[in-house]
Amino acid sequence: MSKPRVATTSLAGCFGCHMSLLDIDDRILQLIDLVEFDRSPVDDIKHISQRCAIGLVEGGCCNEENVHVLEEFRANCDVLISFGDCATMGGIPAMRNNIPLEECIDEAYRSGPTVYNPQGIVPDDPEIPLLLDKVYPAHEVVKIDYCLPGCPPSADTLWAALTALLSGQPIELPYELLKYD
Amino acid sequence: MSDSVTITIDGRNIEARPGQTILEAADAAGIYIPRLCSHPDLKPIGSCRVCTVVVDGRPQAACVKPVMDGMVVQNSTPELLQHRRNIVDMMFVEGNHFCMFCEKSGNCELQAMAYRFGITAPQYPFQFPEKEVDASHPDILLDHNRCIMCARCVRASQELDGKNVFQSIGRGFARKIGVNGERALGDTDMAATDKAADICPVGCIVRKRVGFEKPIGQRLYDTRPIGSDIEEVRA
Ligand code: SF4
Ligand code: FES
């Protein structure tokens, strides 16, 4: 029997959650015995190649590309997990959510204290994904099956969740492994 | 009047003193009823409704409802657990609770309540309201982003400190904690020694320069759910 496939991605996150995944240390050897990685920053595969058992989403949606990737994951993963505070609650990127978008862009490109931009140019190349009005947690964009909060969720949290799913159990985190920080 | 009454909580018989609230009687018997606005040093106001129990078929706030002989109280039915979870979820989406950089994280009663209830993400859409930070006081920070309107600070300032530093102002979604000063907290007679400085269940009123003192793993709710101290009383 072929191994279950796992896809992972980082949307509006900082890759800290993926670092935490690597932080399972030598259990990573067990993990690659148990699963096959599909699209993931770990192997740099750019699109999901076939149906996946588990999708892991770090980060919420701050631009239209994030939404497209998240939709690709939802369409191709049996169980979709959002992990980290950004994916589950918006996190640090969502701190812009009560500031009008125009003010954010102004601060970043025109008037911020370290900005040198005498012509006041704001990047608008069509290659650059359009920003959304707000940053949305993953579950406000597509259906998410499990949320694993934490900034980042600890390696033990991720290991507990993955091993539960891979052995056909629902994810039930013990008290110490459910944290928001 | 006899000096003891009997009530049942989730089918268990409890001895209580007349004049006690259901919450106090439950605490003494080692039964934890979740609560946020209630504090042992303050008069209860029954505002957050996290302590809702069903008394003889009707929902009541356990922190204000006095015991009466023969009362039948339900505390942990699936409906009540869901009701409490809904309230905590609403508190999370109606404020801006960024636990990852909050000084109160690990010692926060709202966060601890969510942990105890096993909440992995709120079920309601986040509002991300615009709120102010008042850093005008030299020793105390007031960050409205984190306020859950429990009014503990209002009561502590009046009842314990003999002052009137905080008030609840406005209505509905716009309701907020106001300060009795020209502009901000720094203009009030709030002192670092005030009881109101340490009464906030969340990270809204915090002392400056002591944040993150305790390392992760040693904070109040890192390994023990909120209410464990009360449940341990139970023989
Ligand atoms: S500032 Fe703190 S104590 Fe005062 S109402 Fe808000 S949450 Fe309660
Ligand atoms: S604790 Fe009873 S209403 Fe808040």
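Bear in mind the structure is a predicted one, so any value in this text is a computation, not a measurement.
- Considering only heavy-atom pairs separated by less than 4.5 Å from chain B, the leading option among A:N97, A:I144, A:T88, A:D85 is A:N97.
- Heavy atoms of B:F92 lying under 4.5 Å from chain A belong exclusively to its side chain.
- Here the closest heavy-atom approach between residue A:E176 and residue B:T223 is recorded as OE2-O, 4.1 Å.
- Heavy atoms of A:P137 lying under 4.5 Å from chain B belong exclusively to its side chain.
- Counting all heavy atoms, side chain and backbone alike, B:M100 lies closest to A:G91 at CE-CA, 3.8 Å.
- The minimum heavy-atom distance between A:Y180 and B:Y115, with the atom names listed, is N-OH, 2.7 Å.
- Other residues, nucleotides and ligands contribute more than 12 heavy atoms inside 6.0 Å of the NZ atom of B:K208.
- Of all heavy-atom pairs spanning B:P129 and A:N98, the tightest one is O-ND2, 2.9 Å.
- Within a 6.0 Å radius of NZ in B:K195, no more than 12 heavy atoms belonging to other residues, nucleotides or ligands are found.
- Interatomic distance, B:T120 OG1 to A:M89 CE, rounded to the nearest 0.5 Å: 8.0 Å.
- With a 4.5 angstrom heavy-atom cutoff, A:K179 touches chain B via backbone and side-chain atoms both.
- B:F98 touches chain A through its side chain: at least one heavy atom from C-beta onward sits under 4.5 Å away, while N, CA, C and O do not.
- Across B:E130, B:K131, B:R116, the residue that shares the most heavy-atom pairs under 4.5 angstrom with chain A is B:E130.
- With a 4.5 Å cut-off on non-hydrogen atoms, A:I92 touches chain B through its backbone and its side chain both.
- The candidate with the highest count of non-hydrogen atom pairs below 4.5 Å against chain B, out of A:L148, A:L173, A:D181, A:I99, is A:D181.
- Nearest approach of A:M95 to B:F101, heavy atoms of both residues: SD-CE2, 3.6 Å.
- For B:D222, the parts lying under 4.5 angstrom from a heavy atom of chain A are both the backbone and the side chain.
- Heavy atoms of other residues, nucleotides or ligands lying less than 6.0 angstrom from CZ of B:R209 number more than 12.
- Considering all non-hydrogen atoms of both residues, A:H139 and B:P122 come closest at NE2-O, 3.6 Å.
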